[in-house]
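What follows is a short report on a single structure.
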Amino acid sequence: MSDGSDDADGGESDVEQMSAHEAAAVDGADGADARDFWAAAVADEIEARNPDEPIVIKGGVSPSGVAHLGNFNEIMRGYFVAAVLRERGYEVRQVFTSDDRDPLRKLPRKLADVDGDIVGLGDVDAGALGRNLGTPYTDIPDPFGESESYAAHFAALLKADADRLDVPVEMLSNTELYEDGTFEDVVAHVLEHADEAREVLSAYQSKVDEDYVPFNPICGECGKITETVTEVDLDARTVEYVCTDMTVGDETIEGCGHEGTATLREGKLPWRFEWPAQWQVLGVDFEPFGKDHAEGSWPSGEDIARNVLEIEPPVPMVYEWFTLNGEALSSSQGNIVTVVEMLDLLEPEVLRYFFALNPRKARDLDISRLDQLVDDFDRFERAYFGDVDDESVTAFAERAYPFVVDEIREDRVRLPYTFAAVLGMTDDRDLRIEMARNEGYIDDDTPEWAIEEALERVDRARAWAVREDNAYNYRIQDALPEVDFDENVEAALDELADFVAAGNDGEAIQGEMYETARRNDIEVGDFFEAGYLLFFDQPQGPRLGEFLGELDTEFVVARLRRDG
RNA sequence: GGGCCGGUAGCUCAGUUCGGCAGAGCGUCUGGCUUUUAACCAGACGGUCGCGCGUUCAAAUCGCGUCCGGCCCGCCA
């Protein structure tokens, strides 16, 4: 526990630990800390319970076809609370349970392959999945034939995403917790107190009757989860069962009729008991969950924890679901987005920022307006460094920013996202830098690492512009676009071509464009538009003169003369 | 039918815990930078805080009612 092996900065002294705790106490006393960042308020609540260390923060989902961004609430919301507690000097263990002893109940329409790319059911062995309806995810082969099981495949995806966002989380398999006996005593306890269990649960679920047994064995014959327990032998720690049909929605998963005996490790608790059982065996102090649990599983779980398991439930936190492009996340409708996809478009810290925002608000992730999210992040970052005159943003940034970035470095350069997208018009690195320099984002004092990081945004913003095919999807046209100009515009273009051919630099070209337009009696705007059409096949573009100054002179001259 | 959460400027959101002048960024418009693009600078426009009633000297904030959206109250997670 205190061997320091996972302690990043090693020799932290007890004195410093003390002061961290004291500082936290001061923060808690005036309340400023908690008001400004939800994770700090949650941390206060956990702290108030004087938890044993390590403090355990849990999340978890049942494996499904795709690990989408919504699932990531289970990891990111806990991460921020863990980070605040660590800052206060506590040892924190963040775990994520893959609830993988759950049976596959229906076929997913979409799956994510090992790289996180989404594929349809038709691209995998769907028959093998269909035959395994009702079987625990850990006993179903990986449809991609790579991992040990369907469950392992799914867990690996989530773990890979957590790594991409640099969140240290320990993945736990529910099945393993059953098989290695971690759950066994709780299962025995629940079966021993089956009357109380039934009584408590029946307040939440009307279907619970006298025959209800809170344990579902796995059929020794067909391997499916069964629901019919006929006898419980507490001394032998076994149950007798019949493998009967299971109803899922309006579908029926057929049982094989086998009658057998199962140990308490060969089955699972129903979810309503399994969740509190996890709290007990893992010693969970905090758990965020989606609003779907808020009025169902949570109240019953809390009750079961106190009155059946006789433990104190963790500090809860409900998070709102977010929508994608205004629509509910839905894998069957195909309205999903993954961490991998998002990281093609955003830097990891921007995505982390998204999850640092108030969990109580339903939030829409509008891909077409990602520039707005990135602008918000940039402002949030500047606020941390005291450059924003807005108390509430600054207070939030002061608390949350250190947990959003991997490293606090004040002299970072952030190109505005739309400008970064515009720079994506060229793949020429030097040209990108030159244009950023022209606009004042980079100067001679900018360190090389900052330039490097700034340019990382260009590829992402470019990917966004292409994906959305929006106004920032500029690309230098290799071939002459179809154009049709007035005579005086053509004359002006020829004059400008001569000016460029004479070897003038970008700044001069920019100035000359105005002169040329005036000389030929055309609106400056029309002349610029002509230039944009020639080079981008679009009526808008970057600051043109300086841009042309960066390109190959022969190419520019030929294009201005409409020669290719 | 019962319950929970949300609804604040065109957009994205602070502010609601604990009542004290309705806020920010973006967008838009106007002007500026010898310069109509990305950006930058100055300014302006923009509000029935979903709606109604109540409490109060004072309500986005508290209470009651109501509308809209999501979720839960079967199974499952």
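By convention in this document, chain letters (A, B, ...) are assigned in the order of the sequence lines, proteins followed by strands, and residues within each chain are numbered from 1.
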Practice item. Go through the side-chain N and O atoms of A/Asp100 and A/Ser173 and say whether any donor and acceptor fall under 3.5 Å apart. Key: yes

Exercise for review: Look at all strands and tell whether A/Asp366 reaches a base, only sugar-phosphate, or nothing, counting heavy atoms closer than 4.0 Å.
Suggested key: nothing

Review point. Is the shortest side-chain N/O distance from A/Gln372 to OP1 or OP2 of B/C13 below 4.0 Å?
Key: no

**Study point:** Phosphate contact (B/U37 OP1 or OP2) by A/Gln510 side-chain N/O below 4.0 Å
**Key:** no

Practice item. Compute the ring centroids of A/Phe380 and A/Phe396, then answer whether they are less than 6.0 Å apart. Key: yes

Point to revise | B/G3 phosphate, OP1 or OP2, under 4.0 Å from A/Lys291 side-chain N/O | key: no

Review point. So, does the side chain of A/Ser297 form a donor-acceptor pair with the base of B/A77 at under 3.5 Å?
Key: yes

Check your understanding: Reckon A/Tyr514 touches a base, only the sugar-phosphate, or nothing at all at heavy-atom distances under 4.0 Å?
Key -> base

Review point. Which nucleotide, B/C4, B/C5, B/C71, lies nearest any side-chain atom of A/Asp292?
Key: B/C71

Practice item. Between B/C40 and B/C26, how far apart are the P atoms? Round to whole Å, please. Key: 7 Å

Check your understanding: Any idea which of B/C4, B/U12, B/C75 is nearest the A/Gln205 side chain?
Key -> B/C75

Exercise for review: Classify the side-chain pair A/Thr446/A/Asp443 by whether it contains a donor and acceptor separated by less than 3.5 Å.
Suggested key: yes

Check your understanding: When rounded to the nearest Å, what value does the distance between C1' atoms of B/A14 and B/U61 take?
Key -> 14 Å

Practice item. Would you check if the distance from the ring center of A/Tyr472 to the ring center of A/Tyr417 is below 6.0 Å? Key: no

Point to revise | Touch class at under 4.0 angstrom, heavy-atom based, for A/Asp102 against every strand present | key: sugar-phosphate

Review point. Mind checking the P distance from B/C33 to B/C21? Whole angstroms is fine.
Key: 40 Å

Check your understanding: Looking across every strand, which nucleic acid part, if any, lies under 4.0 Å from A/Lys106 by heavy atom: base, sugar-phosphate, or nothing?
Key -> nothing

Point to revise | Mate of B/G63 where both pairing distances stay under 3.5 Å, Watson-Crick or G-U | key: B/C53

Practice item. Quote, to the nearest angstrom, the C1' distance that separates B/G52 from B/C68. Key: 15 Å

Exercise for review: Using a strict cut-off of less than 4.0 Å between a Lys/Arg side-chain nitrogen and an Asp/Glu carboxylate oxygen, indicate whether A/Glu347 and A/Arg457 qualify as a salt bridge.
Suggested key: yes

Exercise for review: For B/U34 and B/A24, measure between their C1' atoms and round to the nearest Å.
Suggested key: 34 Å

Point to revise | Pairing partner (Watson-Crick or G-U wobble, both distances under 3.5 angstrom) of B/C13 | key: B/G23

Exercise for review: Please measure how far the C1' atom in B/G47 lies from the corresponding atom in B/A9, and state the result in whole Å.
Suggested key: 6 Å

Check your understanding: Among the nucleotides B/C72, B/A77, B/C76, which one has an atom lying closest to any side-chain atom of A/Arg105?
Key -> B/C76

Practice item. Using the closest heavy atom to pick a nucleotide of RNA chain B for each, name whichever of A/Tyr532 or A/Asp375 lands nearer the 5' end. Key: A/Asp375

Check your understanding: Looking across every strand, which nucleic acid part, if any, lies under 4.0 Å from A/Tyr472 by heavy atom: base, sugar-phosphate, or nothing?
Key -> nothing

Exercise for review: Would you mind checking if A/Arg352 and A/Glu349 are paired as a salt bridge, meaning a charged N to carboxylate O distance below 4.0 Å?
Suggested key: no

Practice item. Check every strand shown and say whether A/Thr323 touches a base, only sugar-phosphate, or nothing at a heavy-atom separation below 4.0 Å. Key: nothing

Exercise for review: Could you tell me which nucleotide pairs with B/C76 by Watson-Crick or G-U wobble geometry, both distances under 3.5 Å, or answer none if nothing does?
Suggested key: none

Check your understanding: Considering every strand shown, what is the Watson-Crick or G-U wobble mate of B/U30 when both distances are under 3.5 Å?
Key -> B/A42

Review point. Taking any strand in view, what nucleotide pairs with B/G6 in a Watson-Crick or G-U wobble way, both distances under 3.5 Å?
Key: B/C68

Exercise for review: Have a look at A/Trp321 and say if it touches a base, only the backbone sugar-phosphate, or nothing, with a 4.0 Å heavy-atom cut-off.
Suggested key: sugar-phosphate

Point to revise | Closest-nucleotide ordering on RNA chain B, the 5'-leading residue of A/Arg379 and A/Asp99 | key: A/Arg379

Exercise for review: Answer yes or no: does a side-chain N or O of A/Tyr441 lie under 4.0 Å from OP1 or OP2 of B/C40?
Suggested key: no

**Study point:** Among B/G7, B/C13, B/U37, the nucleotide that comes nearest once only the side chain of A/Arg363 is considered
**Key:** B/C13

Exercise for review: Using only side-chain N and O atoms of A/Lys361, determine if any of them is under 4.0 Å from OP1 or OP2 of B/U12.
Suggested key: no

Point to revise | A/Arg559 side chain to A/Phe535 backbone, donor-acceptor under 3.5 Å | key: no

Practice item. Look at the side chain of A/Arg272 and decide which nucleotide, out of B/C5, B/G70, B/C73, has an atom nearest to it. Key: B/C73

